[in-house]
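Treat the numbers as computed from the prediction; the structure is a model and nothing was measured.
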Amino acid sequence: MKPYDKDIDIVFSPMSDETMSWLDELLTTCKRFGVDYYNASEKDRAFVEAVARKNYGIKQAKMNGVSVSTVEPFFGIH
């Protein structure tokens, strides 16, 4: 068994509010569509990420007083 090195310093930093907000949107989208993100196919992941990205962008635009039309279209669909 490898001995434990007591001199190693591990530093943890909390995620930013923006990262937490994005993850919340992604997990909410996964739940909405019944997708288990970590076990999902690449196609399903791409789908929920695109939906979450669009929804997150819309929420950020509204929060910042910017037109929703500035948000990137979903999969390029206008």
Side-chain angles (χ1 to χ4, degrees):
M1 179 185 244
K2 187 175 177 181
Y4 175 71
D5 186 354
K6 296 176 187 173
D7 297 328
I8 295 177
D9 288 332
I10 299 175
V11 178
F12 294 94
S13 58
M15 287 190 239
S16 70
D17 289 342
E18 184 177 354
T19 300
M20 291 299 292
S21 181
W22 159 247
L23 286 174
D24 183 50
E25 188 62 47
L26 179 61
L27 295 175
T28 299
T29 303
C30 286
K31 185 176 181 180
R32 176 177 167 199
F33 290 101
V35 173
D36 176 4
Y37 185 82
Y38 296 102
N39 294 310
S41 68
E42 189 175 327
K43 184 178 176 182
D44 287 344
R45 280 187 185 186
F47 175 75
V48 293
E49 287 171 0
V51 173
R53 189 176 307 112
K54 179 69 175 184
N55 290 340
Y56 179 76
I58 289 170
K59 286 179 183 178
Q60 291 299 309
K62 287 179 179 178
M63 191 170 72
N64 295 320
V66 179
S67 173
V68 176
S69 65
T70 62
V71 177
E72 248 185 81
F74 177 73
F75 280 127
I77 301 170
H78 294 278

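Residues passing the side chain to side chain contact (heavy atoms under 4.5 Å, CB included) test with Ser69, sequence neighbours excluded: Ser67. Take Asp36 and apply the side chain to side chain contact (heavy atoms under 4.5 Å, CB included) test, not counting sequence neighbours, and it matches Tyr38, Asn39. Scanning for salt bridge (charged side-chain N to carboxylate O under 4.0 Å, His left out) contacts around Lys62 gives an empty result, with sequence neighbours left out.
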Contacts table for residues 17-28: side-chain donor-acceptor under 3.5 angstrom, sequence neighbours left out:
unit_1 : atom_1 : unit_2 : atom_2 : d
Thr19  : OG1    : Ser16  : OG     : 2.9
Glu25  : OE1    : Lys59  : NZ     : 2.6
Thr28  : OG1    : Asp24  : O      : 2.7

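Counting only residues at least two apart or in different chains, salt bridge (charged side-chain N to carboxylate O under 4.0 Å, His left out) contacts with residues 38-48 are absent.
Under a 4.5 Å side-chain heavy-atom criterion applied to ILVMFWY residues, the cluster that includes Ile58 comprises Val68, Val71 as well.
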